[in-house]
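Counting from 1, the numbers follow the sequence of the chain as shown.
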Amino acid sequence: MAAAGLSVLASVPAAAQERFPSKPIQVVTHASAGGGTDTTVRMAIPDAQAALGTDMFVATMKGGGGRVAMNFAKLQGTDGHTLMLITPTHLFTMAQGNSPLSIDDIVGVARATDDPMLIVTSPKSRFKSIDDLIGAGKDKPVKWGTTHIGGVDHVAAESFAQKAGTKIRAVPFEGGGELVTNLMGGNVEVASLNVTEALEQVRHGDLVALAVMSDERIDVLPDLPTTQEKGVDVAFSTVRGFVVLKGVPEERVAILEKGLLDAMKQDRFQAYLENGGMPKKSVAGRAAWDAQIRRMYADASVMLQSLGLVKK
């Protein structure tokens, strides 16, 4: 019987026999210290360390729209001790064929933040509703401000226009501040801004929100309709969430998911979301996050191809 027991034990993969996690977990990011991505990780780590029973540290790998970070993560193996925090930047880099990883090489573990895109205009605008905007664009392209061509806000705008059966003309600016100045000055009529970028100006009446590009209404603007409600199947958001490489054992992915979700339900992270104006539903588990990653990637791929920014 002892021999039989040893034989069974020998047939179990070594990874399944080891305690997990058995060493510190590194979280690979692509962003500079102090930015939104870096802050998100550092707000989650203290409680995640307690939940997972191990130390965690940030490995910052800047450059190439997330390409450097993805290349580093790819070399770390699939034992589950490396997480990567991704944003739409990573997905766009993949869609443009500039990444060492493909969408099928990653597995979503847990979403940390979900900062949906608002379609906003100025208080003096001729558009009083999203229906006004759609109708006007059928006759003549609407001037829509973006931060740069090929970025998430530009692709979000073009996707909206395509699915709504209307037309826009993208006008790029150097950054969000310049974009808002030109929007309020009437040089462009509409823009797509994240909730956290536009919320205070919407509340103060400096900007008017016409719709939110999400599947559900958001807590901070509960009366604002979604694009889905208007029959436009588009959802874009600046999301940040944790992924691992495909090949990490399923039981380890489940442990990571539970630990991260437990951590992000604590007061520290919840206060971070609230203070940033992000929806309470930002935190989500593997199923919702992995599906969102793939939907955003697919939408970005189609739109970047139609804009001629990537080869088919």
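No donor-acceptor distance shorter than 3.5 angstrom exists from the side chain of R286 to the backbone of E257, with no hydrogens or angles considered. Side-chain N or O atoms of N275 include one that pairs as donor or acceptor with a backbone N or O of A271 at under 3.5 Å. Proximity of a side-chain donor or acceptor of T93 to a complementary backbone N or O of G65 within less than 3.5 Å is detected. For the pair N71 (side chain) and R67 (backbone), a donor-acceptor distance under 3.5 Å is absent. With hydrogens and angles disregarded, a donor-acceptor distance shorter than 3.5 Å links the side chain of T227 to the backbone of V234. Remark: the backbone N or O of I168 is not paired with any side-chain donor or acceptor of K143 at under 3.5 angstrom. Distance alone, capped at 3.5 Å, places no donor-acceptor pair between the K167 side chain and the V142 backbone. Between the side chain of S99 and the backbone N or O of M94, no donor-acceptor pair lies under 3.5 Å. The closest donor-acceptor contact from the side chain of E197 to the backbone of N194 lies under 3.5 Å.
Every residue was checked against the ring-ring contact (aromatic ring centres under 6.0 Å, His included) condition with Y297, not counting sequence neighbours, and none meets it.
Ring planes of F160 and W144: tilted class, angle from 30 to 60°.
When every heavy atom of A198 is checked against every heavy atom of L118, the shortest pair comes out as CB-CD1, 4.1 Å. Taking every heavy atom of both residues into account, D47 and A263 meet most closely at C-CB, 3.5 Å. Closest of all the heavy-atom pairs between P46 and R42 is CD-O, 3.1 Å. Nearest heavy-atom pair across G66 and T89 is N-CG2, 4.4 Å. The heavy-atom pair separating P100 from M70 by the smallest distance is CG-C, 3.9 Å. Considering every non-hydrogen atom in both V244 and T82, the closest pair reads CG1-O, 3.8 Å.
Side-chain contact check for R240 and T87: no donor-acceptor pair (N or O, by modelled atom type) lies under 3.5 Å. Under the 3.5 Å distance criterion, with hydrogens and angles disregarded, no donor-acceptor pair is assigned to the side chains of T146 and D153. Looking only at atom types and distance, the side chain of D79 has a donor-acceptor partner in the side chain of H81 under 3.5 Å away. Counted by atom type alone, T196 and D115 present one or more donor-acceptor pairs between their side chains at under 3.5 Å. A donor-acceptor contact closer than 3.5 angstrom is absent between the side chains of Y272 and T39.
A single hydrophobic cluster is seen to contain both V155 and I149, as judged by linkage of ILVMFWY side chains at heavy-atom distances under 4.5 Å, directly or through other members. M43 and L260 end up in the same hydrophobic cluster when Ile, Leu, Val, Met, Phe, Trp and Tyr side chains are linked at under 4.5 Å.
A salt bridge is defined here as a Lys NZ or Arg NE, NH1 or NH2 lying under 4.0 Å from an Asp or Glu carboxylate O, and D114 with K281 fails to meet this definition. We find that D233 and R295 are joined by a salt bridge, their nearest charged nitrogen and carboxylate oxygen being less than 4.0 Å apart. A salt bridge is absent between R294 and D299: the closest approach of a Lys/Arg side-chain nitrogen to an acidic carboxylate oxygen does not fall below 4.0 angstrom. A salt bridge is absent between R126 and D132: the closest approach of a Lys/Arg side-chain nitrogen to an acidic carboxylate oxygen does not fall below 4.0 angstrom.
Taking CE of M213 as the reference point, atom OG of S237 lies at 11.0 Å (rounded to 0.5 Å).
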